[in-house]
Amino acid sequence: MKLAVSHPWDLSVEEARALQARLAAQVIAELTFDPAAIQTIAGIDVGFRGEIARAAVVVLRFPSLEPLDSACAEVPITFPYVPGLLAFREGPSVLAALERLSTWPDLLIFDAQGRAHPRRLGLASHLGVILDWPSIGCAKSRLIGVHDPPGDAAGDWAPLYDGEEMVGAVLRTRPGVQPIYVSIGHRVDLPTAIEFVLRCTRHHRLPETTRYAHQVAAGEELPIGQQQLRLF
DNA sequence: GCGACAG
DNA sequence: ATCTTGTCGC
């Protein structure tokens with residue numbers, strides 16, 4: 001499906017930061033949909049092979065987490081890795097992959113930060129805004145902010161602060177493993193974002209959405225329509 | 001000036 | 001992210 005998205009990606013570092021500051025004002029930091037109506041959730045991740053970015057999107061049925069659809073796209077890299085400007089490096093490939101989807105998801109979960117960003121516009125919020133679609137940021141490590149260590153039980157979390165502002169949550173998805181960084185992307189609130197990440201998590205630190213997307217981005221096969229093996 | 005820094 | 005073997009722990 002074609003996406004009605006017109007967005008400038010070929011910008012200088014200074015222009016990119018200025019654009020983020022403007023787009024950040026468009027983030028809707030509230031729940032604008034009915035959580036009970038969510039039937040599909042997409043996991044999004046990007047891998048790199050030399051000078052090529054390979055983005056993968058996997059759509060899972062919710063809450064069963066059964067893979068329904070997936071798509072990937074390879075795009076030449078045109079922007080360097082600059083902390084805080086990840087969207088300008090991975091954004092184009094993610095949009096290309098989304099365009100190849102045949103099943104549009106109700107919610108997007110990114111392997112990146114959302115609001116927990118210097119200008120409140122991590123990749124998850126950035127794409128959420130330009131697509132004007134519900135999104136959540138779910139990162140493996142910290143970009144900004146300070147926090148106390150979350151409790152040891154699955155589901156325990158600690159607020160992530162940037163100064164006086166709470167920008168996300170440091171969530172323990174499994175006992176005894178490093179927590180992950182959850183923040184709102186667009187059109188959701190933090191409690192709901194945390195809830196969905198937890199409900200997408202099975203036996204691993206990362207939610208199934210992210211794990212499937214990571215596999216596809218790495219070139220592996222996705223067991224769509226097949227019975228899922230229980231290896232644990 | 002020094003250190004931090006999603007993927 | 002990516003380059004890379006063995007190794008510690010459940």
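The sequence lines fix the lettering, A, B, ..., with proteins before strands; numbering per chain opens at 1.
A:K140 has no side-chain polar atom (N or O) that falls below the 4.0 Å cut-off from OP1 or OP2 of B:dA6.
Scanning DNA chain B for stems, defined as runs of 3 or more consecutive Watson-Crick or G-U wobble pairs whose donor-acceptor distances all fall under 3.5 Å, gives no such range.
Under the side-chain hydrogen bond (donor to acceptor under 3.5 Å, both in side chains) criterion, A:R205 pairs with no residue, sequence neighbours left out. When the side-chain hydrogen bond (donor to acceptor under 3.5 Å, both in side chains) test is applied to A:R49, the partners found at least two apart in sequence or on another chain are A:E74.
Residue contacts shown for A:R49 are absent, as no nucleic acid heavy atom lies under 4.0 Å away. Across all strands, A:Y81 comes closer than 4.0 Å to base atoms (heavy-atom distances).
Listed nucleotides B:dA4, B:dA6, C:dA1 differ in distance to A:H214; the shortest reach to its side chain belongs to C:dA1.
For A:D34, the CG atom is densely surrounded, since the number of other residues' heavy atoms within 6.0 Å is greater than 12.
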Where along nucleotides 4-10 of chain C does protein come under 4.0 Å, by heavy atom, of base (B) or sugar-phosphate alone (S), with - for untouched nucleotides? -------
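Counting to the nearest Å, the P atom of B:dA6 and the CG atom of A:L123 are 13 Å from each other. The nearest whole Å value for the distance from the CD1 atom in A:I144 to the P atom in B:dG3 is 21 Å.
In the region residues 124-134 of chain A, proximity to DNA chain B at under 4.0 angstrom, judged on heavy atoms, holds for none of the residues.
Figure legend: A:R17 and A:F88 shown without cation-pi pairing, the cationic atom not lying both under 6.0 angstrom from the six-membered ring centre and within 45 degrees of its axis.
A distance of 6.0 Å or more separates the ring centres of A:H126 and A:W133.
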Map every base of DNA chain C to its dot-bracket character, where paired means a Watson-Crick or G-U wobble contact with both distances under 3.5 Å and | marks a partner outside the strand. ..........
